[in-house]
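One structure below.
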Amino acid sequence: MAERGGSGVVPLRWSGEALWLLDQRRLPRREAWLRYRSSGAVARAITAMVVRGAPAIGITAAFGLVLAAGALRRRGRAAGLAAWRRRAAVLAAARPTAVNLAWAVRRLEARLAGGAWATAAEARRLLEAEALAAWREDFEANLAMGAHGAALLPARGTVLTHCNAGALATGGYGTALGVIRAARAAGKDIRVLADETRPWLQGARLTAWELARDGIPVTLLADGAAGHHFRQGRIQAVVVGADRIAANGDVANKIGTYTVAVLARQHGVPFYVAAPTSTLDPGTASGDAIPIEERPGEEVTACAGRRVAPPGVPAANPAFDVTPAELVTAIVTERGVLRPPYGAAIRRLLGAAGGEKRP
Ligand SMILES: CSC[C@H]1O[C@H](OP(=O)(O)O)[C@H](O)[C@@H]1O
């Protein structure tokens with residue numbers, strides 16, 4: 001599926017019996033695949049960031065829910081569903097900020113509730129079909145989002161991106177990197193500045209790896225360097241991904257995104273957010289209500305696994321920040337480009353899709 005239309009990279013593979021995850025902690029040095037056969041192990045892999053990126057962890061959780069189908073063998077449908085829901089809750093809690101985990105649980109639970117199944121095996125087939133559909137739809141959404149976003153970029157210019165919102169963070173092709181891939185495929189001379197994105201280095205390790213593989217010109221920046229390049233007039237647009245977009249258009253994304261948005265506004269550079277509708281969260285009124293994951297301080301006091309701070313010095317490590325909607329030039333989705341006021345635009349988009357966001 002991932003070969004069609006773009007980067008050949010996918011973060012996961014499904015064998016029918018097991019889920020295989022590309023261990024993103026080891027990239028770019030090593031492309032190591034890990035096999036998972038239980039929903040609990042999948043949840044631990046999401047928390048440990050073996051796989052990361054909002055859409056990618058949503059799809060991964062969906063296959064974790066397929067692996068949880070064994071719980072449905074319990075005596076009685078109600079007992080089986082209760083046991084399955086307990087495993088689903090563990091997956092939903094694996095990381096708190098990306099709304100895509102809850103979206104995956106809602107989507108597969110709806111399939112179970114609405115499906116005709118009498119045995120755990122029949123239920124597993126329903127869940128597997130839904131997980132595969134969610135993966136395919138995400139990949140197709142990225143292709144559509146790429147086309148919508150590519151039209152916003154200049155024929156020639158430099159785009160700054162933050163973190164990794166590429167094929168590795170999605171079901172393939174990418175959101176922010178999908179926009180860049182689509183612009184290049186359309187013949188636009190787009191070059192990329194990639195923030196290294198401390199502390200986990202998604203930019204230095206993952207975005208640089210993806211774009212170099214595709215032959216797309218990419219230059220790595222230290223996180224504190226973006227302001228210098230904005231001031232030198234070297235950046236014509238910013239494109240980033242998102243982990244959750246609140247009902248008013250506030251955007252939760254990797255820590256440091258807000259800083260880039262403020263710099264973009266200061267320098268009159270458009271700031272675009274590329275995200276599938278599965279990342280929209282109409283149930284969360286504003287960014288103030290988005291839970292921000294706090295990760296271990298050791299990720300900050302060390303760099304690439306080597307301690308850099310003196311022993312005993314604590315570190316704050318919020319993994320995300322919130323960019324207020326007023327700093328966002330446009331939100332690029334697979335169903336089109338949203339412009340302010342985002343509250344109304346999101347309601348229209350989801351209303352057009354038939355009421356609330358599909359589970
Ligand atoms: C396509 S959304 C990717 C999104 O997820 C990343 O966070 P993490 O690597 O911690 O999962 C980052 O916020 C990206 O923009």
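Because only heavy atoms are used, hydrogens play no part in the values below, and waters and symmetry mates are left out as well, while side chains stay in. Counting starts at 1 for both ligands and their atoms, following the listed order. Numbers for residues simply follow the sequence, beginning at 1.
Proximity to Pro55 (heavy-atom distance under 4.0 Å) selects the following atoms of ligand 1: 1 (C), 2 (S). Below 4.0 Å from some heavy atom of Ala54 lie the following atoms of ligand 1, by number and element: 2 (S), 3 (C), 5 (O).
The environment of Arg307 atom CZ is dense: over 12 non-hydrogen atoms of other residues, nucleotides or ligands sit within 6.0 angstrom. Heavy atoms of other residues, nucleotides or ligands lying less than 6.0 angstrom from CZ of Arg234 number more than 12. In the displayed structure, Tyr258 atom OH is contacted under 6.0 Å by at most 12 heavy atoms of other residues, nucleotides or ligands.
The shortest heavy-atom distance from Arg95 to ligand 1 is under 4.0 Å. Taking a 4.0 Å cut-off on heavy atoms, Glu293 fails to register as neighbouring ligand 1. Ligand 1 is approached by Cys163 to a heavy-atom distance shorter than 4.0 Å. Ligand 1 lies out of reach of Trp200, whose nearest heavy atom is not under 4.0 Å from it. Taking a 4.0 Å cut-off on heavy atoms, Thr175 registers as neighbouring ligand 1.
Contacts of Ala242 with ligand 1, taken as heavy-atom pairs under 4.0 Å, involve the backbone alone. Within the 4.0 Å heavy-atom criterion, the part of Asn164 lying near ligand 1 is the backbone and not the side chain.
The side-chain tip of Arg213 points at the ring of Trp209 from less than 6.0 angstrom away and within 45° of straight on. Geometric assessment of Arg77 against the ring of Trp117 yields a positive cation-pi assignment under the 6.0 Å and 45° thresholds. With Trp200 as the aromatic partner, Arg205 meets the cation-pi criteria of under 6.0 angstrom to the ring centre and within 45 degrees of the ring axis.
Looking at Arg52, Gln24, Gln202, it is Arg52 that brings a heavy atom closest to atom 6 (C) of ligand 1.
Salt bridge Arg198/Glu196: absent, no basic N to carboxylate O contact under 4.0 Å.
Geometrically, ligand 1 and Gly53 share a nitrogen or oxygen pair separated by less than 3.5 Å. For Asp243, a nitrogen or oxygen atom sits less than 3.5 Å from a nitrogen or oxygen atom of ligand 1, counting backbone and side chain alike. At least one N or O atom of Asn253 sits closer than 3.5 Å to an N or O atom of ligand 1.
With Asn317 as the fixed residue, the side-chain hydrogen bond (donor to acceptor under 3.5 Å, both in side chains) test singles out one of Glu299, Arg295, Glu298, Glu294: Glu299.
The shortest distance between side-chain heavy atoms of Val238 and Phe230 falls below 4.5 Å.
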